[in-house]
Amino acid sequence: MTIGYSGAEKIDDLLDPAQGLVSRHVFSDPAIYEMELQRIFARCWQFLGHESQVPRPGDFVSAYLGEDPVMLVRQDDGSLAAFLNVCRHRGMRICKLDAGNAAGFSCSYHGWAYDRRGKIVDVPFGEMYENAPLDDSWAAVPVAQVASYKGLIFGTFDPDAPSLVEYLGDMAYYLDVLVDRREGGTELVGGANKWIIDSNWKYGAENFVQDGHHAFASHISALMAVQPDEAEVTDFPGGCTVSPGSGHGGGWFEGPTLEMVVRDPVLLRYHQDVVRPESIRRLGADRDPVHNVAAFTVFPNFSFLTGVQTIRVWVPRGPNHMEVRSWTIVDKAAPQEVKDAQLRLVRTTFSPSGILEQDDGENWSMCQDTMRGHVSRQLNSNMRMGMGKRVDADIAVPGRVMHGWNEEPGRGFFERYRHLMSEPTSRAWLER
Ligand code: FES
Ligand code: FE
């Protein structure tokens, strides 16, 4: 046990993912957090928004790449661009709104004006810059790459990062269960929920990458409360996990969990009679089990739940806090009553006031709180569940699949994390 960690140089000493050991310093140390902003969040692809939020030229939404505020803007030619939402004059936000439509943006501090691409088009008292012209080098800093995967828009500041499709790799196969299960694709409804949890961002990411088994202890009372009077939850459903590589991962329940969580008959009927048959036709039967309430994380901080249909970003807010930004995602082709019911489901289960979300937030913030203690901080988190077990190949889906609850995808998440944190150059993208 190391007493008194004080720097981020020896990240390798803090992580032994192959042995399922993750030092709690990586959840709490300020120096490591600073390194994450540079080596994870300034490089990896992260979720910016959904195509349905920006259908027309001039539509924009605000987002974050790590702690850097950015704007995603639909361009006049239909393409997408994103730039740092930071005025080049003194650093005020160029735009204070979360979403809208604009011909351009005017900073509210001294009035510098930017076009939809982030180029400066006007400044008050412009003649006074005669000898120090505001050329294009003073434009808003562009997000180097912006790309959409079937409606989900991601961006990265790193021009050397692999393309989005390469970055997702086999994870795209599982994303399809969310975004490509019906003809016509998806849309977001009901706007964003945003809230702060007093916990490191990795608690959310790690929970969705592998941790279906926490539901047994964390959520059983909430689940019991919504069961019919005569029902008892005696056998907690088993699970299956997958590590598609590159730190992505997820898992799904193998019992009738959808029926436990989704109590609305409108949604259950829609799922059973419309979604599953169409999805099997479009995507094949192999992915059918993934519909049965599945949680996934796209490395580093974009997560989603199929069945419930929530997507979210765990925005880092210092080592001890995260901002959750979540949305409800529905099939565009779904009838309005289904969309309304889906939104109600997310609000009552996985929102700041949701019966299941509150269990998670309490767990994560208490885990974080214990790290205030000097001795507590020296301990390793145990991610050894399922170590040494056989990786199953009996279902024809990509990635390392394991039946039975286990923490294999979390070990993959932290392997990827360690790799990126140890390699500051673009070689990190080659040596995967
Ligand atoms: Fe934006 Fe001054 S900070 S115009
Ligand atoms: Fe949970």
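These figures come from a predicted structure and were not determined experimentally. Numbering of residues begins at 1 and proceeds along the displayed sequence. As the structure lists them, so they are numbered: ligands from 1, and atoms in each ligand from 1.
Counting backbone and side-chain atoms alike, His89 contributes no N/O/S atom closer than 2.8 Å to atom 1 (Fe) of ligand 1. With a cut-off of 2.8 Å, atom 2 (Fe) of ligand 1 has no N, O or S atom of Cys107 in range.
Among heteroatoms of the N, O or S kind in His110, ND1 lies nearest atom 2 (Fe) of ligand 1. The N, O or S atom of His214 with the smallest distance to the Fe ion (ligand 2) is NE2.
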In residues 262-274, what donor-acceptor pairs under 3.5 Å come from side-chain atoms, sequence neighbours left out?
residue : atom : partner : partner atom : Å
Arg263  : NE   : Val226  : O            : 3.1
Arg263  : NH1  : Glu259  : O            : 2.8
Asp264  : OD1  : Val266  : N            : 2.8
Asp264  : OD2  : Arg344  : NH2          : 3.4
Tyr270  : OH   : Arg182  : NH1          : 3.1
Tyr270  : OH   : Asp331  : OD2          : 2.6

May I have the list of side-chain donor-acceptor pairs in residues 120-133 shorter than 3.5 Å, sequence neighbours left out?
none

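Within ligand 1, the atoms closer than 4.0 Å to a non-hydrogen atom of Trp112 are 4 (S), numbered from 1 in the order shown. Counting atoms of ligand 1 from 1 in the listed order, those under 4.0 Å from a heavy atom of Gly111 are 4 (S). Remark: ligand 1 atoms within the under-4.0 Å shell around heavy atoms of Arg90 are 3 (S). Listed by atom number, the atoms of ligand 1 under 4.0 Å from Met92 heavy atoms are 3 (S).
Classified by interplanar angle (parallel below 30°, tilted 30° to 60°, perpendicular above 60°), the ring pair Trp252/Tyr174 is parallel.
The aromatic ring centres of Tyr167 and His248 sit less than 6.0 Å apart.
Remark: Lys119 is not positioned above the aromatic ring of Tyr114, lacking an NZ or CZ atom under 6.0 angstrom from the ring centre and at most 45 degrees off the axis.
The side-chain heavy atoms of Phe299 and Leu420, taken from C-beta on, include a pair separated by under 4.5 Å.
To the nearest 10 degrees, the Fe ion (ligand 2) sees NE2 of His219 and OD2 of Asp360 at an angle of 100°.
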Exercise. Verify salt bridge (Lys or Arg N to Asp or Glu O under 4.0 Å) between Asp176 and Arg287, making sure each step is shown before the conclusion.
Key: CA-CA 9 Å; Asp176 285 352; Arg287 272 177 275 196; 3.4 Å; yes

